[in-house]
Amino acid sequence: MATHRQQKLLVIQDLSCIGRCSLTVALPVLSCLGVQAVPLPTALLSAHTAFDGVYRRDMLEDMREIADRWAQMPLSFDGVYVGYLGGGHQLPLVMKLVERYQRGGARLFVDPVMGDHGKPYSFVTAALKEGFALLCKRAEVIFPNRTEASMLLGVEYKEAGGEEDILRRLTQGFAPAAVLTGVARGQELGAMCLSEGRIGGAYAARHPGSFPGTGDLLASAAIGALLRGLPLEKALDLAVRFVSGSIAWHEEGQDSRLGVPFERQLPSLMRDVQQMLDEGVNNLNG
Ligand code: PXL
């Protein structure tokens, strides 16, 4: 029995064939959460950029044609999720689409994918940084890691300060709610959030190694859960557990650049979201 109207999310990010990130992560995760995900690829890559010598095609022309065709269709979205962009030159079109669908009531979620471990990704320019700053100002929730937060705030990575302070500055300067990913607490790893003046956090077992695409897994799961009606802290709890559980499936000896075997964790994600939704209904009834 359907208990809610199905949510439809426009996902604007790259399609990297190899490496489990962006669309190859977002689409299955959102589907498992019961959200219809509509992709708009910003770039086509043979593999994500942690690999050497990748083939990369910019999709701006195709995005323009698609956007024009969509303008002729009776189309609306419950949300728009912007992640990795092909470059700053795509910003005018992305902004136009965001404005178009926000006018129709879409909620905006932005993961300002620009770097990690204190370093910007290749293809990041001043125009891209400025564009992401503008997008974040229109968003309901943003999902930077510490590297991206310092780029948004215009401070050196090492001088970005404590997590709570970063989150406060992000909510003052950008979106009303912010999630900071990749936050360590003791032996655990997770994410912190600030929304309506309240700091929250979710942490789970930390596994050795570093894996690309975990930020995309976290944001996709959290955004899907938010669209299903869970509050931010619960959505984050679900997402952090899902990422940690996915990393636990990594087999020693596998190239970590291939990303984490999140596919094996999807059944748990589906069970967990249903359980959390049922608990919410029971709390309301009880
Ligand atoms: O997961 C972030 C990401 C997304 N898309 C591409 C990337 C990366 C990180 O390296 O290279 C193409």
Side-chain angles (χ1 to χ4, degrees), residues 9-30 37 39-60 62-63 80-91 94 109-125 127-129 131-132 135-136 139 142-152 157 179-183 189 191 207 209-224 239-240 242-244 246-247 250 254-263 265:
L9 179 70
L10 171 59
V11 186
I12 305 179
Q13 45 186 240
D14 66 287
L15 179 59
S16 286
C17 303
I18 305 289
R20 292 190 183 99
C21 68
S22 313
L23 283 177
T24 61
V25 158
L27 300 186
V29 169
L30 287 156
L40 183 63
T42 56
L44 175 64
L45 292 93
S46 56
H48 65 61
T49 58
F51 289 91
D52 294 326
V54 294
Y55 170 77
R56 184 177 193 276
R57 176 190 286 276
D58 186 282
M59 301 293 282
L60 179 62
D62 309 82
M63 293 166 76
V80 179
Y81 164 20
V82 181
Y84 183 97
L85 297 176
H89 62 291
Q90 295 185 343
L91 251 301
V94 172
F109 306 97
V110 178
D111 182 355
V113 179
M114 293 190 284
D116 207 357
H117 308 296
K119 288 199 216 79
Y121 292 136
S122 48
F123 305 107
V124 171
T125 59
L128 185 70
K129 276 189 255 180
F132 262 128
L135 275 173
C136 286
I142 58 175
F143 295 82
N145 58 31
R146 177 178 271 270
T147 305
E148 292 152 351
S150 15
M151 290 165 86
L152 285 174
Y157 177 70
V179 170
L180 186 66
T181 63
V183 176
L189 191 62
H207 304 276
S210 163
F211 301 88
T214 47
D216 301 328
L217 282 169
L218 184 129
S220 301
I223 292 166
V240 166
F242 170 59
V243 176
S244 172
S246 298
I247 299 175
H250 172 73
Q254 283 280 331
D255 184 345
S256 64
R257 292 176 303 176
L258 295 170
V260 293
F262 72 93
E263 300 85 356
Q265 193 63 17

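Start at 1 and go down the list; that is how both ligands and their atoms are numbered. Numbers for residues simply follow the sequence, beginning at 1. Bear in mind that the values here come from a model prediction, so they are computed numbers and not experimental data.
Judged purely by atom type and a 3.5 angstrom limit, N145 uses its side chain to pair as donor or acceptor with the backbone of G115. Panel note: side chain R257, backbone H48; no donor-acceptor pair is recorded below 3.5 Å. A donor-acceptor pair under 3.5 Å is absent between the side-chain atoms of R57 and the main chain of L44, judged by distance alone. Judged purely by atom type and a 3.5 angstrom limit, T181 has no side-chain atom pairing as donor or acceptor with the backbone of A191.
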Worked verdict on F143 versus Y81 for side-chain contact (heavy atoms from CB on, under 4.5 Å):
CA-CA 11 Å; F143 295 82; Y81 164 20; over 6 Å; no
TODO: Starting from the C-alpha separation in whole Å, work towards a yes-or-no answer on side-chain contact (heavy atoms from CB on, under 4.5 Å) for H207 and H250.
DONE: CA-CA 9 Å; H207 304 276; H250 172 73; over 6 Å; no
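Heavy-atom contacts of V113 reach the following atoms of ligand 1: 2 (C) (cutoff under 4.0 Å). Applying the 4.0 Å criterion to heavy atoms of C21 picks out, from ligand 1, the atoms 1 (O), 4 (C), 5 (N). Interface atoms of ligand 1 facing S16, defined by a heavy-atom separation under 4.0 Å, are 12 (C).
The closest protein non-hydrogen atom to atom 5 (N) of ligand 1 is D14 OD1, 2.9 Å. Here the heavy atom of the protein found nearest to atom 4 (C) of ligand 1 is S22 OG, 3.1 Å. For atom 9 (C) of ligand 1, the nearest non-hydrogen atom of the protein is Y121 CZ, 3.5 Å. In terms of protein heavy-atom proximity, atom 11 (O) of ligand 1 is nearest to T49 OG1, 2.6 Å.
Ligand 1 has a nitrogen or oxygen under 3.5 angstrom from a nitrogen or oxygen of D216.
The shortest heavy-atom distance from P212 to ligand 1 is not under 4.0 Å.
Looking at L15 and M59, their side chains never come closer than 4.5 Å, going by heavy atoms from C-beta outward.
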